[in-house]
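Keep in mind that what you see is a predicted model, and the values were worked out from it rather than measured.
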Amino acid sequence: MTPPGRPQPPERPQPPEQARLTAALRELRQRTGLSLAALAQRTTYSKSSWERYLNGKTLPPRRAVEDLCRLAREPAGRCLALWEIAESQWSGRAAGAPAAGASSGRIADTTAGASSGTPATPSPGISSDAAAGVPPPASAPPPQKARWFGRKGGVALAVLVSVCAVAVGSLTAALVLLPRRDAPPRSSLSAPPPATGPRCRAATCEGRNPMQLGCALGLVTVASYRTATGARMELRYHDGCRAGWARMWHTRIGDRLAVTAGGPTRSATVRDGLDAASYVYTPMTAARPGTVLRACFRPADGGDTECFTGRVRPGPAHTPPTAG
């Protein structure tokens with residue numbers, strides 16, 4: 001913490017690896033529907049800590065990533081892969097690989113650190129003389145010890161190669177799955193685990209969160225619209241859930257979106273900067289093929305309300321619009 005009266009140090013620029021992790025965590029938080037205060041109540045991290053994690057001001061602990069995945073019912077594997085990459089860059093370990101001339105004993109120590117996910121530290125049982133290459137005492141037979149270290153070094157080197165292969169595979173998968181910087185927020189994290197199907201239908205979906213009830217897999221985009229303020233909107237429908245909803249992005253704090261299918265009106269508001277940087281979804285309203293969904297956007301600055309509609313058609317006839 002900076003002592004009072006001293007100028008605050010300049011904020012560390014957010015590297016691309018951490019930016020990708022931050023975007024993924026924001027999407028997870030949006031899916032939970034929880035405020036920062038609610039996240040603090042359900043985890044061991046404070047509201048201010050979650051604000052820093054979700055705004056990319058600091059790298060979250062691994063446990064915080066796991067907790068958010070649990071609350072969003074998202075398998076933690078992908079986000080933890082992103083965290084590993086971001087943590088490596090944040091801590092500087094990615095640029096601090098051990099020298100090629102390290103002894104087999106040192107390779108074994110490095111492997112132990114890599115497999116546990118923490119920076120390697122010299123073993124407390126190895127003296128400074130041993131680390132510097134000084135021969136062991138005469139009581140230890142040199143030929144036998146050399147053979148033992150050789151076998152251990154070979155096994156350790158094989159383990160190290162395996163760990164590196166896993167890390168490269170995780171990095172490749174993350175880069176393939178992550179969105180481009182110039183693209184809108186992606187909904188790849190909005191879908192619940194594939195093992196869970198729709199958990200509501202028609203009237204039982206009314207007013208509920210589509211991301212939490214398995215309605216984000218196999219959906220169709222009924223219509224899309226761009227507002228005068230630059231905000232983007234989409235009407236969405238899931239035939240298995242027999243429900244529709246709307247979402248918006250590229251928004252500003254205070255923007256409001258409402259959707260109806262001729263019955264109740266469901267709405268959502270951009271509450272803070274995290275919402276403005278993510279997708280914001282309305283709750284669902286019951287719908288079926290032939291239903292006309294209507295969404296209306298009311299900008300925060302009090303400008304004109306803009307509305308658009310879309311008719312739900314049978315699934316095969318639907319062609320979702322291309323992203324752009």
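To the nearest 0.5 Å, the span separating CG on L28 from CG on L68 amounts to 5.0 Å. Between the CZ atom of R294 and the CG atom of L235 there is a distance of 10.5 Å, given to the nearest 0.5 Å. Interatomic distance, CZ of R271 versus CG of L36, reported as 8.5 Å (0.5 Å rounding). Rounded to the nearest 0.5 Å, atoms OG (S224) and CZ (R236) are 10.5 Å apart. With rounding to the nearest 0.5 Å, the separation of CZ in R226 from CD in E234 is 13.0 Å.
Of all the heavy atoms in A300 and I253, the pair that sits closest is CB-O, 3.2 Å. When all heavy atoms of A258 and T265 are compared, the closest pair comes out as CB-CG2, 3.8 Å. Nearest heavy-atom pair, L213 versus C200, reported as atom, atom and distance to 0.1 Å: CD1-SG, 3.8 Å. Closest approach of R42 to R70, counting heavy atoms only: O-NH2, 3.9 Å. Nearest heavy-atom pair across W245 and M211 is NE1-CE, 4.1 Å. Closest approach of L21 to C79, counting heavy atoms only: CD1-O, 3.8 Å.
Within the 4.5 Å cutoff, no side-chain heavy atoms of L293 are placed close to those of T309. Taking the side chain as every heavy atom from C-beta outward, L39 and K47 never approach each other to under 4.5 Å. Side-chain contact between W249 and V280 is absent, with no heavy atoms from C-beta onward closer than 4.5 Å. Taking the side chain as every heavy atom from C-beta outward, L54 and T22 never approach each other to under 4.5 Å. Residues F297 and R256 have side chains not in contact (no heavy-atom distance under 4.5 Å, counting atoms from C-beta outward).
Looking only at distances, a side-chain donor or acceptor of T32 sits under 3.5 Å from a matching main-chain atom of L34. Panel note: side chain N55, backbone R52; no donor-acceptor pair is recorded below 3.5 Å. Side chain of T251 to backbone of D255: no donor-acceptor contact under 3.5 angstrom is found. Judged by distance alone, with hydrogens and angles left aside, the side-chain atoms of T221 form no donor-acceptor pair with the main-chain N or O of A223 at under 3.5 Å. In this structure, D301 contributes its side chain and G303 its backbone to a donor-acceptor pair below 3.5 Å. A donor-acceptor distance shorter than 3.5 angstrom exists from the side chain of W83 to the backbone of P60, with no hydrogens or angles considered.
Atom CZ of R298 sits in a sparse spot, with 12 or fewer heavy atoms from other residues, nucleotides or ligands closer than 6.0 Å. For CZ of R63, the number of neighbouring non-hydrogen atoms (other residues, nucleotides, ligands) closer than 6.0 Å is 12 at most.
The SG atoms of C215 and C205 do not lie less than 2.5 Å from each other.
A side chain to side chain contact (heavy atoms under 4.5 Å, CB included) with E87 is found for one member of L82, V65, L59 and no other, namely L59.
Applying the disulfide (SG to SG under 2.5 Å) rule to C69 yields no partners; only residues at least two apart in sequence or on another chain are considered. Residues that satisfy the side chain to side chain contact (heavy atoms under 4.5 Å, CB included) test with D304, not counting sequence neighbours, are absent from this structure.
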### Task
Could you please spell out the steps behind the salt bridge (charged side-chain N to carboxylate O under 4.0 Å, His left out) verdict for D272 and R29?
CA-CA 13 Å; D272 51 35; R29 181 255 181 177; 3.5 Å; yes

### Task
Start with the C-alpha distance between Y237 and R242, add both sets of side-chain angles, then the distance that settles side chain to side chain contact (heavy atoms under 4.5 Å, CB included), and finish with yes or no.
CA-CA 7 Å; Y237 171 77; R242 286 296 171 100; 3.2 Å; yes

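Between D275 and R247 there is no salt bridge, since no side-chain nitrogen of the basic residue lies less than 4.0 Å from a carboxylate oxygen of the acidic one. Salt bridge annotation for E66-R62: present, with a cationic side-chain nitrogen under 4.0 angstrom from a carboxylate oxygen.
The aromatic rings of W50 and Y45 lie perpendicular to each other, with more than 60° between the two planes, well past the 30° mark.
The closest side-chain donor-acceptor pair between R201 and T204, if any, does not fall under 3.5 angstrom. A donor-acceptor pair shorter than 3.5 Å can be found between the side chains of E306 and Y225.
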Only distances under 3.5 Å count here; give the side-chain donor-acceptor pairs of residues 282-292 to other protein atoms, sequence neighbours excluded, each with its distance to 0.1 Å.
from : atom 1 : to   : atom 2 : distance (Å)
T282 : OG1    : A246 : N      : 3.1
T282 : OG1    : A246 : O      : 3.4
T285 : OG1    : E206 : OE2    : 2.9
T291 : OG1    : R288 : N      : 3.1
T291 : OG1    : R288 : O      : 2.9

